[in-house]
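Working notes for the structure below.
Every chain is numbered from 1 and lettered A, B, ... according to where its sequence line falls, protein lines coming before strand lines.
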Number of protein chains: 2
Amino acid sequence: MKEGPDIVRIASLIGDPARANILTALMGGKALTASELAAEAGVTLQTASSHLSKLDKGGLLRPRKQGRHKYFSLADDSVAEALEGLMGLAARSGHLRTRTGPKDEALRQARVCYNHLAGAKGVQLLSAMQSRGFIDGEGETLSLTDAGEAFVSDFGVDLPTLQSNRSPLCRECLDWSERRSHLAGSLGRALFTRFEALGWTRCDRNTRVVHFSADGAREFQETFL
Amino acid sequence: MKEGPDIVRIASLIGDPARANILTALMGGKALTASELAAEAGVTLQTASSHLSKLDKGGLLRPRKQGRHKYFSLADDSVAEALEGLMGLAARSGHLRTRTGPKDEALRQARVCYNHLAGAKGVQLLSAMQSRGFIDGEGETLSLTDAGEAFVSDFGVDLPTLQSNRSPLCRECLDWSERRSHLAGSLGRALFTRFEALGWTRCDRNTRVVHFSADGAREFQETFL
DNA sequence: TTCATAGTTCGATCCTAGTCGAAGCATCTA
DNA sequence: TAGATGCTTCGACTAGGATCGAACTATGAA
């Protein structure tokens, strides 16, 4: 035993209801304060503080002080990915008692995965860009083709800035509801930001659901599919 | 809160030391009896039995009775993948106290990931087959090219049998030590089986380490790289 | 300065869940 | 049949950790 990395440390961190609620809330991508997370998790501020300190020590969170507020976000894209991975397992091995409610259906359609678009719409987006030759794929490290660069620049994405960044431009992220990949990485994030700026999508404040406006859905279809 | 699948159920299952040891042991790919797993986890048979029943109810294991023995294996490739995902997180966010021992180094070099080859050697294998045009990649669903089919058949893999199976032929699996993908799926498994049959590799009985013989390492190099 | 708000620390309580001994089934061997 | 082995169930014990009230610190507002 005791081979490889210490998996227990992380799994037990995620395995507490309050902490799981905190992490799930942060999957929305927005940084949240300790008080907000306490409310989200359904515990008092004291207990939340204790949990947050543990998650932070465990390397799952990135805290930032701002005045008398303390904002928390996920430490890293890889944290979000691991969480989605667990959700995938939970969804498939889940007992039937988790009946699929209407809210759940909305989540499957379109939701935010940390900072990019996930769900059916997110999967469509990636597969369309691949089949149109904009993205060339080999594993997690997808790459943007020349045609793709022209396309996204034309769509209003500031490519040079993204490329100057160290983090990978295109990455895959496994979608727990669709069981296929959607587009992550800084491009995935930039596209999603652009959707919001154009008014195509609107993020639900409390859940991770992404609402497409009627126009937004149409334009999304025309532009990408 | 309470959105999406019940992540806590699974994370708390993995988050217990004894259970994590059991799962890690099963990552070796071999089905093991309850007694063997008890020894592996360092607990008595009674406690192991309790843990095994929980893991089974949680959908993470596949038990098989055989006479008075009860063999357990991981329920699914996806379970192994999720575990590797957690290991990836643990490895990067791990505190420095997990010093990299010699055994750890061997694990990074080559190990068995459920039923296929992982570690540096596994990553080399996939990337070589991709660059030689044997595997064509788009996400988790990689595909074997015509040239690739000829190549692996020539190497001694019984392709028709594999293809008649429902499970995917080529899949990616993220490697926690290399942070790149290696080859999973039924082909990954078949290749690894072939390595063992040819005497290139030998599996350590107790750990997940894969030892290459001197000849094996040379032939592996010549054949694939 | 004083007051209010955000967050942390401490201490006490309480409860879950892991653990193992002992007894009970089930299956194989002789 | 009797005996041995593999596993499960039951019951009791215990430790660890989640929880919250109360007190404390830090920042901002008046």
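Between A/Leu32 atom CG and C/dA6 atom P the separation is 15 Å, expressed in whole Å. One interatomic measurement links the two molecules: CG of A/Leu55 to C1' of D/dG17, which rounds to 14 Å at whole-angstrom precision. Protein atom CG of B/Asn21 is 14 Å distant from nucleotide atom C1' of C/dG18, rounded to whole Å. The distance from atom CZ of A/Arg9 to atom C1' of D/dG16 is 19 Å, rounded to the nearest whole Å. The nearest whole Å value for the distance from the CG atom in B/Leu45 to the C1' atom in C/dC20 is 11 Å. Rounded to whole Å, atom P of C/dG7 lies 9 Å from atom CG of A/Leu52. The distance from atom CG of A/Leu37 to atom P of C/dA6 is 14 Å, rounded to the nearest whole Å.
Ranking D/dT19, C/dC20, D/dT27 by closeness to the A/Arg68 side chain, first place goes to D/dT27. Of the candidates D/dG6, C/dT5, D/dC20, the closest approach to any side-chain atom of B/Ser35 belongs to D/dG6. Listed nucleotides: D/dC7, C/dG7, D/dA18. Nearest to the side chain of A/His51: D/dA18. Closest approach to the B/Ala34 side chain among C/dG7, D/dC7, C/dA4 is made by D/dC7 (side chain taken as heavy atoms from C-beta onward).
Across all strands, A/Ala48 comes closer than 4.0 Å to no nucleic acid atom at all (heavy-atom distances).
Geometrically, A/Lys65 does not engage A/Tyr71 in a cation-pi contact defined by less than 6.0 Å to the ring centre and at most 45° from the axis.
Using a cut-off of 4.0 Å between Lys/Arg side-chain N and Asp/Glu carboxylate O, B/Glu84 and B/Arg208 are scored as salt-bridged. Salt bridge B/Glu219/B/Arg194: absent, no basic N to carboxylate O contact under 4.0 Å.
Within the 4.5 Å cutoff, no side-chain heavy atoms of A/Asp215 are placed close to those of A/Trp200. For the pair A/Leu74 and A/Met27, the minimum side-chain heavy-atom distance is below 4.5 Å.
Under the 3.5 Å distance criterion, the side-chain polar atoms of B/Arg202 are left unmatched by any main-chain donor or acceptor of B/Glu196.
Residue B/Thr44 has no polar side-chain atom (N or O) positioned under 4.0 Å from OP1 or OP2 of C/dT19. An OP1 or OP2 oxygen of C/dA6 is reached within less than 4.0 angstrom by no side-chain nitrogen or oxygen of A/Lys65.
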Enumerate the protein-to-nucleotides 9-11 of chain D contacts in which both atoms are nitrogen or oxygen and the separation is below 3.5 Å.
none

Between the protein and nucleotides 11-17 of chain C, list the N/O to N/O atom pairs that are separated by less than 3.5 angstrom.
none

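Side-chain atoms of B/Thr47 and B/Thr44 form a donor-acceptor pair, as typed in the model, at a separation below 3.5 Å.
Ring geometry, B/Phe195 versus B/Phe212: the interplanar angle falls from 30° to 60°, so the pair is classed tilted. The aromatic rings of A/Phe224 and A/Phe155 lie perpendicular to each other, with more than 60° between the two planes, well past the 30° mark.
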